[in-house]
Amino acid sequence: MPEPLLFEISSPGRQGYSLPVCDVPEMPLQKIIPPNFQRQDEPDLPELSELDVMRHFIHLSILNHHVDKGFYPLGSCTMKYNPKINENLARLEGFTCIHPFQEEEEVEGALQLMGELCEYISELTGMDSVTLQPAAGAHGEMTGIKIMRAYHESKGNPRKKIILPDSAHGTNPASATISGYDTVQIKSTEEGLVDLKDLKAHLDEEVAGFMLTNPNTLGLFESQILEIADAVHKAGALLYMDGANMNALFGVVRPGDIGFDIVHLNLHKTFSTPHGGGGPGSGPVAVTGDLKDFLPIPHIIQKNGQYHFDWDRPKSIGKIQGFYGNFLVMLKAYVYIRMLGSQGLKRVTENAILNANYLMRSLEKHYLLPHKQHHMHEFVLSGDRQKEKGVKTLDIAKRLLDYGFHAPTVYFPLIVHEALMVEPTETESKETLDAFAEAMIAIALEVNTQKETILNAPVTTPVRRLDEGRAARDLNIKYSRETG
Ligand SMILES: *Cc1c(COP(=O)(O)O)cnc(C)c1O
């Protein structure tokens with residue numbers, strides 16, 4: 001372990017607090033806690049000064065790579081900078097000290113914030129109605145598919161299948177399967193887009209819907225989207241959009257205007273909530289007017305200028321989350337939208353696209369670029385040329401850590417060999433993009449000159465290359481003083 005535990009640096013008698021002398025009569029302990037509930041031994045707590053504790057946590061905070069420390073171009077994950085004003089506002093007591101069991105009239109401000117956020121999301125997506133309940137993107141997908149099922153059931157047949165392209169994010173087929181549908185995978189074309197012929201060949205009266213990410217996971221805009229929507233609707237099916245890539249669209253294209261019936265957003269990606277450590281997320285779902293009666297309860301409505309929870313919605317799919325969703329994530333998204341305004345959001349999209357294309361053109365001579373056209377907010381390289389010389393994509397990813405960068409997403413999407421999926425995001429400067437390109441180019445040269453260094457990377461990090469397969473299969477999270 002590069003950093004000892006607090007217990008290991010503890011020194012008896014050292015302390016990091018001081019309390020004023022007690023100025024009220026002390027009550028005998030027996031009167032406060034009955035003897036049978038009192039502990040017999042001192043608790044074995046570490047004893048440290050404030051400085052010891054501060055240094056310990058600062059050391060821990062810089063062992064890992066994180067977005068406040070360095071560039072983090074993890075494709076599909078949108079590791080952008082999260083403005084600190086979000087955190088400041090999310091810590092206000094008026095927000096942190098409210099409870100979901102409070103009466104509506106005691107939390108009108110919070111309700112208004114949620115109601116207005118729904119309106120902003122409707123506006124940005126071109127949809128009629130929104131739920132904020134889902135706690136993640138995948139949870140939003142599941143909610144969307146339950147809505148799909150309820151819609152088809154209301155027409156007399158829930159149908160059996162969901163179609164997905166082979167470029168889909170893994171959560172898409174998982175959400176369809178967990179909601180009781182069979183999944184059908186269709187091919188992508190050479191250009192990396194939906195194969196319309198293959199889609200049409202699979203559309204029949206048992207298809208409940210088609211789930212599509214747009215721009216797709218190759219970072220390409222599905223330019224035949226109007227024809228796709230038309231074909232799906234002619235078969236009586238619904239068109240679902242995985243909107244995790246909305247930072248390539250907002251202010252420019254609205255899912256509701258190009259034929260989508262349901263879309264989920266990832267507030268914790270697009271709308272700047274820190275994520276990556278399994279922390280709270282939020283995956284709101286927006287739907288067209290035909291589907292709004294099926295949204296989860298309670299639904300937020302406005303009556304006489306005030307916002308309320310409406311529980312009386314007989315066609316609703318019911319509740320899908322404890323209480324109302326992750327409120328503080330909604331709050332951060334709300335602050336983000338209000339700070340940027342509509343022009344600011346549009347510039348987010350423009351800069352996300354500009355940054356990705358600039359970086360792509362800086363790298364295309366040195367790495368294989370399977371899809372050469374103009375991209376949206378991310379692009380996918382292949383490590384095939386380097387692999388021929390004995391260096392895998394995983395080795396390149398590890399070597400990047402030595403240059404101070406987090407790796408791109410690797411081996412996804414599955415349709416590109418040795419994939420390196422790069423999403424710089426809109427918050428990075430030209431200097432940072434140039435520095436990353438230089439590192440990637442330096443590694444491409446090292447493949448010829450010092451292959452062993454790459455194969456042994458990382459060499460500068462607190463721990464060396466970990467056995468990722470074993471870490472997942474043979475999970476041992478209990479600390480031991482002997483083995484660390
Ligand atoms: C991140 C992501 C998801 C899943 O979102 P979670 O919040 O991690 O559940 C789904 N689709 C795409 C394209 C994504 O990038």
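Both ligands and their constituent atoms are indexed starting at 1 by order of listing.
Close approach of ligand 1 to Asn266 is summarised as follows: ligand atoms under 4.0 Å from at least one heavy atom of the residue are 1 (C), 5 (O), 6 (P), 7 (O). Close approach to Ser76 involves these atoms of ligand 1, each under 4.0 Å from a residue heavy atom: 13 (C), 14 (C), 15 (O). In summary, the atoms of ligand 1 found under 4.0 Å from a heavy atom of Ala136, numbered by their order in the structure, are 7 (O), 9 (O).
Counting only distance, with no hydrogens or angles, the side chain of His152 and the backbone of Ala208 share a donor-acceptor pair below 3.5 Å.
Contacts between Ala244 and ligand 1, counted as non-hydrogen atom pairs separated by less than 4.0 Å, involve the side chain only. In Thr78, neither the side chain nor the backbone holds a heavy atom less than 4.0 Å from any atom of ligand 1. Neither the backbone nor the side chain of His139 comes within contact range of ligand 1; no heavy atom lies under 4.0 Å. Contact annotation: for His275 versus ligand 1, there are no heavy atoms closer than 4.0 Å.
Of the N or O atoms in Cys77, none lie within a sub-3.5 Å distance of an N or O in ligand 1. Of the polar atoms of His268, at least one N or O is found under 3.5 Å from an N or O of ligand 1, judged by distance alone. Residue Thr217 has no N or O atom closer than 3.5 Å to an N or O atom of ligand 1. Residue Asn172 has no nitrogen or oxygen atom sitting less than 3.5 Å from a nitrogen or oxygen atom of ligand 1, judged on distance alone.
With respect to the salt-bridge test (charged N to carboxylate O, under 4.0 angstrom), the residues Lys430 and Asp434 qualify. Under 4.0 Å is where a charged nitrogen must lie from a carboxylate oxygen, and between Arg361 and Glu364 at least one such pair does.
Nearest to atom 2 (C) of ligand 1 by heavy atom, out of Met421, Lys269, Glu378, is Lys269.
Glu93 meets the side chain to side chain donor-acceptor pair (under 3.5 Å) test with no other residue; sequence neighbours excluded.
Atom CD of Gln102 has more than 12 heavy atoms from other residues, nucleotides or ligands within 6.0 Å. Atom NZ of Lys365 has 12 or fewer neighbouring heavy atoms from other residues, nucleotides or ligands inside a 6.0 Å radius.
Taking atom 6 (P) of ligand 1 as the reference point, the nearest protein heavy-atom neighbour is Gly137 N, 3.5 Å. Atom 13 (C) of ligand 1 has its closest protein heavy atom at Asp242 OD2, 3.5 Å.
Looking at Lys387, Lys392, Arg385 one by one, the single match for salt bridge (charged side-chain N to carboxylate O under 4.0 Å, His left out) with Glu418 turns out to be Lys387.
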Derivation of the side-chain contact (heavy atoms from CB on, under 4.5 Å) call for Leu239 and Ile225 = CA-CA 10 Å; Leu239 187 58; Ile225 188 61; 4.2 Å; yes
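Proximity of atom 9 (O) of ligand 1 to the protein is indicated by at least one non-hydrogen atom lying closer than 4.0 angstrom.
For the pair Arg159 and Tyr181, the cation does not sit on the ring face, since its NZ or CZ is not both under 6.0 Å from the ring centre and inside 45° of the axis.
For the residue pair Lys398 and Ala457, the shortest heavy atom distance occurs at CB-O, 3.6 Å.
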